[in-house]
Amino acid sequence: MAVSVQQCSNNQDQPITCQNGYGCHGYEFIQNDKTNFEGECRNASTVTIFPRLYFSITLVQGDVPLSSDWNHLGFTCNKQNLCNTRQQIRTAVKLANEYYPWEFIERMFWSVLLSLTIILPIVVYYYVTWKYYTLRGRVPGLQPELKYGNLRQLGMITNRRPTDSYVRGFEKMQKQFGDIFQIWVGSNHYYVFCRPEHAEQIHSDRHIFDRADVRTKTFGLIAEDFLITLAGSKYKRHAKVIIPMLRKHRFQSQISIIINYVDELIEIWKDRYDKQDNSICNSILFDNEQLMLDTFTRLTFDYDLGSLKHLSKTKKLTNSSEDEIQSSELGVALTIWIGAFRRVIGNGMPTFVNDFLLKIDKKYQNALRTLENNAENIIRKCQEEIDLNNRPKTLIESLVSSLQKDEELERRKPEKEQTGITKRELVGEMLGLILGGYETSATVLAWFIYCVSQKYEVQQKMKEELKQHGITKETSLDNFDLLDQCEYIDCVLKETLRLAITSFGSPRTLLHDTIIDGFQFRKGDTVVSSFTLMQRDPRYWKLDPNQFIPERFFGVDAPDANHNPFVFGPFGGGHRGCVGQDLARLELKVIIIRYMLFVTFVNTSANNGDHYQQARISPNQFTASIKFD
Ligand code: HEM
């Protein structure tokens with residue numbers, strides 16, 4: 001750390017001229033300031049950095065008048081004189097060392113370090129508290145706690161485990177604060193809105209309300225190239241390839257695929273429960289998840305994941321076959337991956353912490369590799385079969401035919417001008433779509449079974465309707481007109497979607513400052529239109545909204561047929577509403593029809609109507625007895 005001046009290698013004393021009476025603050029400074037000083041010592045003559053730092057500290061602290069200071073050090077600069085030669089500078093530095101001894105610097109160094117180790121954590125604590133866990137503005141809410149936000153205060157988490165759904169937390173907040181409140185779900189902050197006029201404003205202006213940042217920070221950590229996490233030009237580039245392939249008519253010729261899979265599950269149930277003493281199924285959600293995994297992946301990616309085959313084998317097989325091992329490996333990978341997703345959205349940690357935890361989580365990384373390998377298999381299979389001269393017929397064909405020919409070239413273009421998608425993006429989309437496409441529908445199916453198992457008469461009415469339209473076990477169902485005639489089943493599905501709590505609402509992040517209902521919100525704030533609360537709010541429904549009554553929508557005089565459209569939004573709304581809703585409705589309707597042709601679900605005494613929070617919100621410890629017709 002000693003102060004030193006190195007010799008110029010050519011050993012010439014170069015004159016340095018100081019102009020306008022400028023003080024000479026060290027040799028480096030002189031060298032760099034071409035405006036005020038002329039001449040320089042060529043060939044790397046340097047004064048180490050310390051004299052400058054040291055001078056600037058000690059000059060202030062050491063009580064030496066600035067004007068005379070450099071005179072002490074042997075510098076005499078004024079307009080007329082040559083300022084210094086290097087010899088003078090050497091003298092100056094030597095003098096400086098005598099003036100301000102080394103111990104003083106050392107003392108300074110340690111005091112600064114000590115202050116930093118005390119001050120820094122305090123500053124970080126206050127910064128994190130202010131950024132993540134403080135009420136904002138005038139909107140009412142509960143003062144949040146560090147790490148948990150309002151999760152613990154609202155009973156959504158106890159002993160670090162999720163114990164209640166976010167929706168129940170939202171309900172408590174609405175009761176306490178009214179239709180507009182703010183809530184901290186861990187480190188995620190939302191302004192929540194519970195009236196249809198709010199929903200209308202939020203869903204109508206795409207230039208202000210866009211995909212929520214919080215989605216990109218949760219979904220984005222595990223599927224960064226998934227549509228739900230994208231915005232702007234990249235979103236448009238992906239949406240162009242995906243959305244047209246999810247329209248209802250695309251799947252008309254594939255209804256038999258849905259039927260085959262649902263029949264496979266019914267066969268499994270038959271095997272397990274028909275003519276058995278105990279016909280109680282306690283894996284309703286899990287079984288439906290396997291059904292939806294296979295159905296969705298086959299419909300969209302033309303690939304059989306084999307989840308139902310695995311499900312049927314697990315009970316019967318004692319010796320595991322290769323097929324079974326492969327299938328279960330994939331199933332395990334999906335479970336781990338989705339488990340990571342649930343953690344990320346539920347643990348309340350800031351994004352960078354979750355990002356770090358995922359990176360060091362070996363199990364998760366292995367699961368991801370397994371999933372990516374499977375996605376690559378699907379792509380390879382499609383690439384072998386696809387005829388690029390024909391228009392794509394399925395989602396996977398559309399994705400594969402839009403693969404960029406030269407990724408490097410596209411990358412160099414601005415995002416707005418890029419076309420197609422990269423291989424990496426394709427894999428990301430596949431994983432994201434599988435997650436978005438199967439879990440939600442499976443959860444709705446579980447809710448459907450839950451609701452109808454308590455209402456025998458609703459199931460009888462559906463069965464009657466099928467008979468009325470001549471729909472039997474042999475009917476192919478690929479006639480949309482015939483499907484449309486089953487209006488009561490539509491009402492049952494709509495009522496299920498109204499009551500099924502799958503998420504708390506549609507979150508959006510503001511692209512510009514705006515005012516909602518008299519409150520000012522800033523660019524970057526995240527707002528939520530809570531359709532889940534409105535769907536069960538007595539102000540907006542004529543019949544008791546907490547009851548499962550499909551008749552509220554059925555017939556010309558149906559009491560709730562003319563409800564405000566913005567109080568019903570199971571698929572969200574606006575330009576970032578669910579892109580899979582056509583497909584989901586079709587799958588659900590066909591599956592419900594098949595269920596009603598074969599079985600009747602009966603409530604068991606174990607059900608208490610409770611629900612629990614996972615990635616989706618599902619009926620808690622739900623069981624149903626399955627009777628075969
Ligand atoms: C019953 C089944 C389903 C339900 C209840 C459901 C619900 C939702 C909801 C509430 C949203 C957020 C909308 C918003 O923020 O306004 C959403 C978005 C999305 N859903 Fe679904 N969904 C279902 C099925 C599907 C299926 C089958 C797919 C796949 C094809 C899918 C793909 C997506 C995608 C990609 C988004 C993000 C759209 C965007 O950000 O632009 N969903 N879904």
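A quick note: this is a predicted structure, and the numbers were derived from the prediction, not measured. Read the numbers this way: they start at 1 and go in the same order the structure lists the ligands and their atoms.
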**OP:** Can you run down the salt bridge (Lys or Arg N to Asp or Glu O under 4.0 Å) pairs that involve residues 373-383, sequence neighbours left out, and say none if there aren't any?
**Re:** Asp302-Lys381, Lys381-Glu385
**OP:** Return each pair, listed once, that meets salt bridge (Lys or Arg N to Asp or Glu O under 4.0 Å) where at least one residue sits in residues 242-256; pairs must be two or more places apart or across chains.
**Re:** Lys248-Asp484
Quick one: look at [X] and ligand 1, take heavy-atom pairs under 4.0 Å, and tell me if it's side chain, backbone, both or neither.
X      : answer
Phe296 : side chain
Gln581 : neither
Leu230 : neither
Val444 : side chain

Mark up the atoms of ligand 1 that fall under 4.0 Å of a heavy atom belonging to [X], in ascending order.
X      : result
Pro570 : 5 (C), 7 (C), 10 (C)
Gly573 : 16 (O)
Gly572 : 10 (C), 13 (C), 14 (C), 16 (O)
Arg508 : 14 (C), 15 (O), 16 (O)
Phe226 : 35 (C)

Over 60° means perpendicular and under 30° means parallel, so classify the ring planes of [Y] and [X], tilted if in between.
X      : Y      : value
His575 : Tyr235 : perpendicular
His563 : Phe553 : perpendicular
Phe296 : Phe301 : perpendicular

Considering distance alone, does some N or O of [X] sit under 3.5 Å from an N or O of ligand 1?
X      : result
Leu246 : no
Ser441 : no
Ser506 : yes

**OP:** Run down the list Arg211, His575, His238 and name the one with the heavy atom closest to atom 40 (O) of ligand 1.
**Re:** Arg211
**OP:** Identify which of Ala584, Gly577, Ala212 has a heavy atom lying nearest to atom 38 (C) of ligand 1.
**Re:** Gly577
Subject >> Closest non-hydrogen atom pair between Tyr166 and Leu151, with its separation >> reply: CE2-CD2, 3.7 Å
Original post:
At a 4.0 Å cut-off, with the gap strictly under it, does some heavy atom of Tyr438 reach an atom of ligand 1?
Top reply: no
Original post:
How long is the gap from CD1 on Ile259 to OG1 on Thr295, to the nearest 0.5 Å?
Top reply: 11.0 Å
**OP:** Indicate, with yes or no, if the rings of Phe531 and Phe566 have centres closer together than 6.0 Å.
**Re:** no
**OP:** Kindly say whether Val400 contributes a backbone atom to a donor-acceptor pair with the side chain of Gln383 at under 3.5 angstrom?
**Re:** no
Original post:
Are there more than 12 heavy atoms of other residues, nucleotides or ligands under 6.0 Å from atom CG of Asn390?
Top reply: yes
